[in-house]
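Note that ligands are numbered from 1 as they come in the structure, with each ligand's atoms numbered from 1 the same way.
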Amino acid sequence: MTPGSTADVLRTPYQRSVAEYWNVEKDPVNLRLGAVDGLYHHHYGIGEVDWSVLETPLDRRDERIIAELHRLESAQAEFLLDHLGPIAPQDRLLDSGCGRGGSSIMANARFGCHLDGISISQQQVDFANQQARLRDVQDKVRYHFRNMLDTGFDAASFQGIWNNESTMYVDLFALFSEYARIIKPGGRYVTITGASNDTFGLPSKSVCDINARYICDIHPRSEYFKALSANGFSPITVVDLTEATIPYWELRAKSSVATGVEDPFLTAYKEGSFQYLLIAADKI
Ligand code: GPP
Ligand code: MG
């Protein structure tokens, strides 16, 4: 197999089906929000909602709701970046499961450092590279068609690695084994993720509905700590963001870009079967 060829990157029928999903995805909930300021996200939002947007006169109401949802998604990305620790301009960061690339652009703007983003969707990689060119940061922010379980990067390449809502597509032990290879000793790993709550029992109907919607496999919270520890990562911060994300979902449910997944998310969070977590860990 040629390195970087489709067969080399997409190794299983499951991975091919996930790539197909993201290659054709053009959902207004992502494209209209991204168009607000050119930062295209594939994650959800956190923080207090400005509910006055719902009272806006009809001619501007939709636009203001979209801008508010986008503000909350960017706040989520800033919160993730807050947990990477000190990053110098000469450092290199990996945005693993980068989607259309918004978080990497924000990290480069904040730290001035080198960013690599990876995705198994060629369409997302092409879109993200085009955004980097539009912002004239293509020398420092580069997106690649690669598999996060076998990235092809050199050992000890990265000061920091993050997954912003993309760990539910992979086995965590295999993932953190690859990260243990490519992160520098003392480097920081951060994820924001949705995890099933071990104390609820087995996955709830709502968690199963979310899995079916995105073709993913939401892991139990405990699995993150087992897999991190098994691969030499020591957790330093855990933040339960469940309460902080519920307002985003309540506003999204009332918006013109609701997709139907709002109800399973709100049910799962409110019944306690699912949690929105930030986990940061250092490589020993
Ligand atoms: C991507 O966000 C969402 C996921 C990759 C999977 C599920 C996440 C969990 C926390 C379980 P998106 O922005 O593409 O989704 P949407 O189109 O619904 O906004
Ligand atoms: Mg989205």
Protein contact of [atom] - nearest heavy atom, named by residue and atom, plus distance:
atom                    : result
atom 17 (O) of ligand 1 : Asn30 ND2, 2.9 Å
atom 6 (C) of ligand 1  : Tyr214 CG, 3.8 Å
atom 9 (C) of ligand 1  : Met168 CE, 3.6 Å
atom 3 (C) of ligand 1  : Tyr44 OH, 3.1 Å
atom 14 (O) of ligand 1 : His42 ND1, 2.7 Å
atom 19 (O) of ligand 1 : Arg252 NH1, 2.9 Å
atom 5 (C) of ligand 1  : Glu165 O, 3.4 Å

If we ignore angles and hydrogens, is there a donor and acceptor under 3.5 Å between the side chains of Asn147 and Gln15? yes
Would you kindly say whether Glu178 and Asn231 are connected by a side-chain donor-acceptor distance under 3.5 Å? no
In terms of side-chain geometry, is the basic nitrogen of Arg61 or Glu55 positioned less than 4.0 Å from the acidic oxygen of its partner? no
Counting only heavy atoms not in Glu48 (residues, nucleotides, ligands), do more than 12 fall under 6.0 Å from its CD? no
Using a 6.0 Å distance limit plus a 45 degree cone around the ring axis, check whether Arg181 lies over the aromatic ring of Phe176. no
Distance in Å, Cys113 SG paired with Leu93 CG, rounded so as to fall on 0.5 Å steps: 4.0 Å
Spatial distance of atom CG (Leu33) from atom CD (Glu68) [nearest 0.5 Å]: 10.5 Å
Does ligand 1 have any atom that is closer than 4.0 Å to a heavy atom of Asp27? no
Sub-4.0 Å heavy-atom contact, Tyr40 with ligand 1: no
Backbone or side chain, does Tyr44 get an N/O/S atom under 2.8 Å to the Mg ion (ligand 2)? no
Given Gly45, Gly99, Gly194, which has its nearest heavy atom closest to atom 10 (C) of ligand 1? Gly194
In terms of atom number and element, which parts of ligand 1 are under 4.0 angstrom from non-hydrogen atoms of [X]?
X      : answer
Val29  : 16 (P), 17 (O), 19 (O)
His43  : 2 (O), 13 (O)
Ile218 : 11 (C)
Tyr169 : 5 (C)

I'd like to check Ile65 versus Val257 (side-chain heavy atoms, cut-off strictly below 4.5 Å). Are they in contact? no
Can Glu78 and Met106 be said to form a side chain to side chain contact (heavy atoms under 4.5 Å, CB included), step by step? CA-CA 8 Å; Glu78 292 290 5; Met106 290 170 65; 3.4 Å; yes
Record the part of Trp22 in heavy-atom contact with ligand 1 below 4.0 Å; permitted values are side chain, backbone, both and neither. side chain
Using the benzene-type ring in the case of Trp, are the ring centres of Tyr44 and Trp249 under 6.0 Å apart? yes
